[in-house]
Amino acid sequence: MSAFKEESDISKINSKAGTTSQAVNKDTYFVVKNAVEYSQILEGTFDPTIRPLVKLWNIGNDKETIPKKAKIEEALKLVNYNDVILDESNCTIMLKNKYQALDVGGIAKGFAADEVRDIFHKHKVKSALIDLGGNIFALGSKDDGTPWRVGIQNPFESRGDFIGILNVKDKSIVTSGNYERYFMKDGQRFHHIIDPKTGYPSQSKIISATIISDNSIDGDGLSTGVYILGIHKALKIIEAIKGIDAIFITEDKRVYTTSGIDKNIFVLTNDEFSSVSN
Ligand code: ADP
Ligand code: MG
């Protein structure tokens, strides 16, 4: 599913954009299909055709610069999840127009976490903490039967400093933030989640979005998109999805939780932050 490796399904789809469809592995099909579904749910803030913009910004690599406006405008025209043509019966995917390109970097790690969970289930592993960096799967409970305790990173401090603790059993916890992959220019932060409507890194007041769900693919897809949506819409959309909860941290150090998160599940431990329950 890599957008970089030449032989990957995603690269093959990208190189055939606007020409022919590409037969893919069923896992690739499943991930792209889910990505398109999340694009719909998240009103296009999540978009797997974001690749031309991601490539332009090149965030997370050296030599980062702000791209020229004309280049951004050009890349923006290529981003549209409605142009992903899925054919389930043949397991093929095609992009409608030339130069369009897929990037499932915002959702594939969630899929991978679910796969690890399934392998553990198959081998009757009852208790495990799966950590894919930003994607945690707490399988079962701790050995002594108590819930897993997972810290939520303080977005203002270095790695390991948490603002509170989640107590969970059999849940995926995925966080998207602006504090791990970014560069600074003229006092402004340019991070790796790009708003498909503007072509620039998202400017919402959310600086960390955590999704708690049964499947990690859902958490990953949702955490990337809600981040762009802004706090009010994000809360509304997550509340409307059964079985999924969220914790959002805004730049004014408020911590918003959805209604499924009670005091037994999430404990705010850092008093610099104030909690706002939905
Ligand atoms: P991470 O990979 O750091 O855990 P995310 O799950 O939030 O973070 O995904 C970020 C990645 O998603 C980016 O590196 C990029 O490949 C891709 N991406 C960036 N903006 C968007 C977007 N608006 N919609 C879908 N994918 C995006
Ligand atoms: Mg994601």
Side-chain angles (χ1 to χ4, degrees), residues 1-5 8 10-11 14 31-61 64 67 72 75-76 78-84 95 100-114 130-137 152-153 155 159 172-183 189-204 206-213 215-230 233-234 237-238 244 246 248-249:
M1 290 178 214
S2 165
F4 311 103
K5 289 185 183 160
S8 76
I10 296 296
S11 294
N14 293 350
V31 168
V32 174
K33 184 173 161 239
N34 268 272
V36 172
E37 280 168 13
Y38 278 116
S39 305
Q40 290 156 352
I41 292 171
L42 297 169
E43 303 174 0
T45 55
F46 184 85
D47 194 318
T49 64
I50 198 85
R51 174 81 185 141
L53 281 168
V54 169
K55 204 172 163 187
L56 199 59
W57 281 91
N58 202 22
I59 291 174
N61 301 298
E64 291 148 323
I72 290 179
L76 259 179
L78 297 169
V79 178
N80 187 352
Y81 63 89
N82 291 308
D83 294 338
V84 183
L95 290 165
Q100 286 190 309
L102 290 174
D103 174 350
V104 291
I107 192 167
K109 222 197 297 181
F111 171 76
D114 290 338
I130 302 161
D131 178 0
L132 277 73
N135 283 57
I136 299 280
F137 203 102
I152 301 297
Q153 172 68 36
R159 204 183 271 191
S172 154
I173 301 143
V174 181
T175 300
S176 280
N178 70 357
Y179 51 85
E180 289 260 350
R181 280 159 70 197
Y182 65 92
F183 70 96
R189 186 192 291 256
F190 295 90
H191 58 85
H192 73 312
I193 299 176
I194 313 286
D195 186 336
K197 297 208 167 67
T198 64
Y200 287 81
S202 84
Q203 294 287 348
S204 93
I206 300 179
I207 55 173
S208 160
T210 298
I211 305 289
I212 301 108
S213 56
N215 291 301
S216 199
I217 191 168
D218 300 324
D220 203 359
L222 287 168
S223 68
T224 305
V226 288
Y227 192 89
I228 301 173
L229 275 174
K233 262 202 170 154
I237 287 178
I238 299 299
I244 295 186
F248 302 118
I249 308 173

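As the structure lists them, so they are numbered: ligands from 1, and atoms in each ligand from 1. Position 1 is the first residue of the sequence; numbering continues from there.
The minimum heavy-atom distance between Ile244 and Ser213, with the atom names listed, is CG1-CB, 3.9 Å. Heavy atoms only, all atoms of each residue included: Leu53 and Ala75 are closest at CD2-CB, 3.8 Å. Contact between Pro48 and Ser39 at its shortest, heavy atoms only, is CD-OG, 3.1 Å.
Looking from atom 27 (C) of ligand 1 to the surrounding protein, the closest heavy atom is Ile50 CG2, 3.7 Å. Atom 20 (N) of ligand 1 has as its closest protein heavy atom Ile194 N, 3.0 Å. Nearest protein heavy-atom neighbour of atom 6 (O) of ligand 1: Asp220 OD1, 2.9 Å. Of all protein heavy atoms, the one lying nearest to atom 15 (C) of ligand 1 is Asp103 OD2, 3.6 Å. The protein non-hydrogen atom at the shortest distance from atom 2 (O) of ligand 1 is Arg181 NH1, 3.4 Å. When only non-hydrogen protein atoms are considered, atom 24 (N) of ligand 1 lies nearest to Asp47 N, 2.9 Å.
The shortest N/O to N/O separation between Thr175 and ligand 1 does not fall below 3.5 Å. Residue contacts with ligand 1: His192 is placed with a nitrogen or oxygen under 3.5 Å of a nitrogen or oxygen of the ligand (distance criterion only). Here's the thing with Val54: none of its N/O atoms is less than 3.5 angstrom from an N/O atom of ligand 1.
Side-chain contact between Thr224 and Ile107 is absent, with no heavy-atom pair separated by less than 4.5 Å. Inter-residue side-chain proximity for Phe137 and Leu132 is flagged as unmet; no heavy-atom pair is nearer than 4.5 Å. You'll find the side chain of Lys33 stays beyond 4.5 Å of the side chain of Val36, heavy atoms only. Taking 4.5 Å as the limit, some side-chain heavy atom of Tyr227 sits within range of a side-chain heavy atom of Asn178.
The atoms of ligand 1 that sit less than 4.0 Å from any heavy atom of Ser176 are 5 (P), 6 (O), 7 (O). Atoms of ligand 1 lying under 4.0 Å from any heavy atom of Lys109, numbered from 1 in the order shown and given with element: 4 (O). Heavy-atom proximity to Thr224, at under 4.0 Å, picks out these atoms of ligand 1: 5 (P), 6 (O), 7 (O), 9 (O). For ligand 1, the atoms lying closer than 4.0 Å to a non-hydrogen atom of Pro196 are 23 (N). Each of the following atoms of ligand 1 lies closer than 4.0 Å to a heavy atom of Ile228: 23 (N).
To the nearest 0.5 angstrom, Thr210 atom OG1 is 12.5 Å from Leu222 atom CG. Distance check: Lys109 NZ to Ser216 OG gives 9.5 Å after rounding to the nearest 0.5 Å.
With sequence neighbours excluded, the residues forming a side chain to side chain contact (heavy atoms under 4.5 Å, CB included) with Asp83 are Asn80, Lys96, Asn97, Gln100, listed by chain and number.
The shortest separation from a heavy atom of Gly106 to ligand 1 is under 4.0 Å, placing the residue in contact. The closest approach between any non-hydrogen atom of Ser223 and ligand 1 is not below 4.0 Å. Look at Thr45 and you'll find a heavy atom under 4.0 Å from some atom of ligand 1.
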side-chain contact (heavy atoms from CB on, under 4.5 Å) evaluation trace for Phe111 with Val104: CA-CA 10 Å; Phe111 171 76; Val104 291; over 6 Å; no
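The atom of Asp220 that is an N, O or S and sits closest to the Mg ion (ligand 2) is OD1.
Applying the side-chain hydrogen bond (donor to acceptor under 3.5 Å, both in side chains) test to residues at least two apart or on different chains, the pairs with a partner in residues 42-57 are Glu43-Lys233, Asp47-Thr49.
Within the coordination shell of the Mg ion (ligand 2), defined by N, O or S atoms under 2.8 Å, Gly106 is present. Residue contacts to the Mg ion (ligand 2): Ser176 brings no N, O or S atom closer than 2.8 Å.
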